[in-house]
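What follows is one structure encoded as structure tokens, with my remarks underneath.
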Amino acid sequence: MLTIEDLQGNRKQRRAEIVTRRIFQAAALFSILVSLLILFVLGQGTWDFFVGIDWNFDVLTDTGWFPRRERFDLRTIIVGSIVVGSIAMLVAAPLGLGVAIYLAEYAPSKVRAVVKPVIELLAGLPSVVVGFFALKFIAPEVVDRIFDPTQSRNMLVAGLGIGILVIPIMASLSEDSISAVPGSLREASYGVGAKKVTTVTKIVLPAAISGLVAAFIIATSRAIGETMVATMAGGYDGSGPYNGFNPLEPGLTMTAAMTNAAGGTDAVKAGPPFDVLFFVGLLLFFITLGLNTIGARFVARVRQKY
Amino acid sequence: MSLITPGAAGKTAAEVTRSQLTGGKRDTAGLVLLVLLLLCTLTTLLILGVLLQEVLVDAWPIMSERPGDFLTSTIGSDPATTGVWPGLYGSFIIGLGVLVLSVPLGVAAAIYLEDYARHDHKITQLILVNIRNLAGVPAVIYGVLGLTIFGTWLKGITGGSSVISAALTMAVLVLPVVIITSMEAIRAVPQGLREGGYGVGSSRWEVTRDHVIPYAAPGILTGVVLSIARALGEASPLIMLGAITGLLPETTLTGPFTALPMLIYNWSGRPDPVGGDIGWTNAAAAAGLTLLILVIFFNAAAIYLRNRFERTRLGV
Amino acid sequence: MKASTKRLFAGAIVASLVVAACGDDDEESTPETEAPAATEAPAATEPMTSEPMTTEPMTTDGEGGGGAGGETPELASGNVFVTGSSTVEPISIRVGELANELSGGELLVTVEGPGTGDGFQKFCAGEADISDASRPIREEEAQTCADNGIEFVELEVAIDGLSVITNPNNSAIECLDVPGLYALLGPESEGFGSWSDANDLAAEVGAVQSVPFPDAPLVVFGPGEESGTYDSFVEFAIADLSEERLGEDNDFTRADYSSSPNDNLIVEGIESADTSLGWVGYAFFQAEGDRLKGIAVDAGDGCVAPTAETIADGSYPFARSLYIYVSTTAAAENPAVASYVDLYLSDEGIAKVSDAGYVQIPEDRLAATRDAWAAR
């Protein structure tokens with residue numbers, strides 16, 4: 001007779017089972033701990049910041065980002081992030097989408113076998129190397145020559161650099177959603193006599209639209225969170241006036257404001273000019289979280305559909 | 001539709017058929033789209049090419065003259081004689097830290113979420129959403145986390161701004177990526193393999209250990225390798241932790257440290273000497289090339305592993 | 001890490017980076033031949049010809065005419081940790097490299113530059129042997145040191161001068177006084193787009209040089225708030241008047257100027273407009289002399305142009321001292337610390353001040369510094 005006891009295995013097995021289960025569970029729960037710690041650390045620093053400025057919210061709208069003068073004009077760094085992020089997406093969205101459509105619908109398998117790893121290589125480029133490229137090539141050889149800005153480090157240079165970094169993310173997420181469109185849709189389209197161009201633009205892309213929107217949103221979140229290129233090529237080291245939406249002016253992004261606050265200055269690295277990095281970090285955390293959540297919704301929609 | 005005799009129109013039968021199927025007109029729209037897509041792809045490849053060329057050309061004066069010396073010398077005040085040794089050491093420890101810390105943790109979490117946890121459970125759902133969100137948190141925020149926890153709270157153990165703190169920070173940073181890629185690899189393990197294990201009386205842990213992990217290993221490894229590449233390239237947490245760029249003759253685990261991305265960042269911003277031969281641009285490019293080679297090596301390894309993994313999975 | 005393991009490690013990395021060594025000699029010999037360089041300062045024998053900012057040394061080094069304590073000392077072996085001002089950091093780095101070179105890799109100096117305040121914090125907690133400083137230690141910082149039983153000696157090692165600059169085509173402005181600079185660049189000048197906009201304010205604060213200012217566009221370029229040169233400028237030209245007129249914590253320049261982290265960009269800006277105004281470190285001004293016009297400065301004793309002589313003799317007002325603070329506790333326990341400071345103050349060491357882009361202190365003040373060190 002086979003009993004329940006037999007099926008449960010021996011005691012040693014059972015003990016190992018319980019122990020490993022607990023270990024694996026703890027590992028999974030660790031990620032929750034990380035999130036809580038991020039919120040706690042940012043929240044605590046933000047509290048210190050507001051105590052430091054005596055809860056005087058006027059400093060958050062005083063003109064320009066000048067931490068040492070306790071002028072923390074959020075508009076300056078938020079507009080900086082918007083301008084730089086928009087330029088990045090103006091570069092990355094069409095290029096990334098183009099690459100994705102080409103790879104998913106047109107590329108012969110031999111071409112695909114070469115191009116795809118190269119794009120993945122692009123995805124692996126360290127941002128600091130792209131920052132170097134922005135400083136030493138995009139600024140002098142491209143932007144200076146075409147636009148002749150007053151200062152060769154500016155938001156356009158930073159945006160173009162970040163755009164390069166974001167192309168592969170845009171491309172790979174878009175390609176995933178295009179490939180997720182069932183082949184039967186394409187075949188049906190060809191079956192009624194549609195041309196390839198019609199099939200791609202009228203059938204495949206509309207079917208993949210949720211995924212493409214998700215790709216765009218997630219790529220935007222990356223562009224806004226990207227730090228090094230903005231710090232290196234944006235034009236200001238830690239402080240600067242509000243320059244509006246003109247991309248040819250230097251500017252500060254939220255991320256660049258954070259790294260510069262952490263670096264401090266020779267004279268000052270304490271109090272609100274330092275603590276503000278937690279506050280900006282908290283804002284950035286919620287902005288990227290919001291974008292990623294919206295992006296995930298769109299991805300989920302694709303999954304449901306097919 | 002009138003019948004056309006192929007011979008009379010001077011066309012082959014195939015041409016006639018094709019022209020009838022495509023409506024007889026040249027497909028201008030299709031051609032335009034294809035050209036546009038090709039342009040996008042070529043532009044992207046061109047950008048990568050120009051970038052690599054720029055780094056190579058700027059790095060050449062140093063890398064052609066003294067590659068070994070550059071890799072083994074310490075950092076200094078003269079771009080013509082400076083090296084990247086402390087940066088290489090720092091990056092090596094960071095890579096090692098990621099391997100040792102985030103791999104076991106990430107794989108364990110992935111096994112739990114795929115094979116142990118009940119997917120309709122609220123906490124499981126919460127963990128899954130949470131991991132996806134963590135993967136999207138900008139690196140600079142992990143830097144703030146590392147600065148506070150490892151650089152300040154645990155200063156007694158880590159030594160504050162040390163390579164240990166940096167490695168721990170990077171390990172936390174890449175953890176979500178390790179978990180997500182490991183989960184995908186584990187999900188791809190055929191259910192029959194597990195059932196076969198249970199059928200011969202193995203416990204769940206034994207099945208995991210003997211069947212699931214070995215089968216998923218190449219996929220897990222791909223994620224691990226990509227994570228290491230990412231950790232090697234991140235610079236903003238290093239800035240947050242205060243990696244140094246002054247003088248660092250000795251490399252220690254708990255003392256002042258630096259890593260390759262920090263050197264590239266700092267050197268890129270230094271002014272080049274007027275009329276000098278080798279400037280900080282060259283030094284930054286040489287350090288950048290060193291980092292690129294490391295990162296490309298890891299990425300290529302990941303691509304290779306994934307291709308092998310896909311082939312195994314398809315049973316080829 | 002021991003030298004042998006480091007060599008192995010270096011060899012492994014070199015081998016794994018064969019690609020990097022494109023067409024290089026065989027990599028087996030590389031770690032062998034390059035190993036000494038791993039423990040020494042970069043290429044000891046080569047003269048450092050391509051410094052970012054070279055200035056003519058005021059005194060030719062190596063002549064041995066420096067008086068007491070001028071000779072290069074015997075160096076003990078050991079480790080020294082220097083933290084503090086990023087402004088002073090370049091000098092400490094160069095002396096550190098010299099120490100490493102002269103001691104054959106026995107005297108190892110680690111230098112970082114998180115900032116003067118951060119430096120004193122570490123220094124007074126006993127975490128560093130030496131703290132670089134671009135200002136004298138504050139009372140509360142000294143108190144922390146005392147509470148932690150850290151005794152120290154303050155040593156003046158260099159002078160950081162700055163130059164007020166304009167475009168060489170700007171013939172209208174030869175000299176500016178402190179009230180004039182305050183009127184043009186101080187916190188109350190925000191929004192002034194023309195030099196003449198500052199006239200009312202200049203009259204109010206009592207400017208006499210070059211007034212009334214011409215009706216010409218006022219375009220301002222300078223380093224950002226993160227720069228040590230910004231601090232110096234505020235200290236010299238703004239702080240007194242801003243405190244008198246606006247109270248404490250208003251010692252800033254106007255915010256609406258083109259700030260740049262890169263001196264080259266400031267020079268480009270100054271060149272781009274005929275009636276531009278700005279300031280840079282003296283060393284950089286001297287190196288770029290023909291592209292810029294230095295404006296003489298009047299701090300109450302008449303106009304003085306920025307030259308190495310006027311800075312060294314103290315007549316040029318826009319110059320401040322740079323210091324190193326040495327823990328005498330650490331120096332007593334660790335001969336390496338004493339050796340490093342000995343070298344710092346020797347003729348050969350102090351010559352590094354010029355290499356780093358600063359002005360050397362005159363003989364009498366150097367002698368005072370040496371005496372202070374000897375009497376520790």
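Numbers restart at 1 for each chain; the letters A, B, ... are given by sequence-line order, proteins then strands.
- Asn100(C) contributes atom CG, which lies 8.0 Å from atom OG1 of Thr74(B) (distance to the nearest 0.5 angstrom).
- Closest of all the heavy-atom pairs between Glu89(C) and Thr245(B) is OE2-C, 4.5 Å.
- With rounding to the nearest 0.5 Å, the separation of CD in Glu250(B) from CG in Asn79(C) is 4.5 Å.
- Side-chain contact between Leu248(B) and Val111(C) is absent, with no heavy atoms from C-beta onward closer than 4.5 Å.
- Side chains of Glu97(C) and Ser77(B): a donor on one and an acceptor on the other come within 3.5 Å.
- The distance from the CD1 atom of Ile93(C) to the CG atom of Asp78(B) is 12.0 Å, given to the nearest 0.5 Å.
- The choice from Pro256(B), Gly246(B), Gly255(B), Gly160(B) that makes the most heavy-atom pairs within less than 4.5 Å of chain C is Gly246(B).
- Counting all heavy atoms, side chain and backbone alike, Thr110(C) lies closest to Ile244(B) at CG2-CD1, 3.9 Å.
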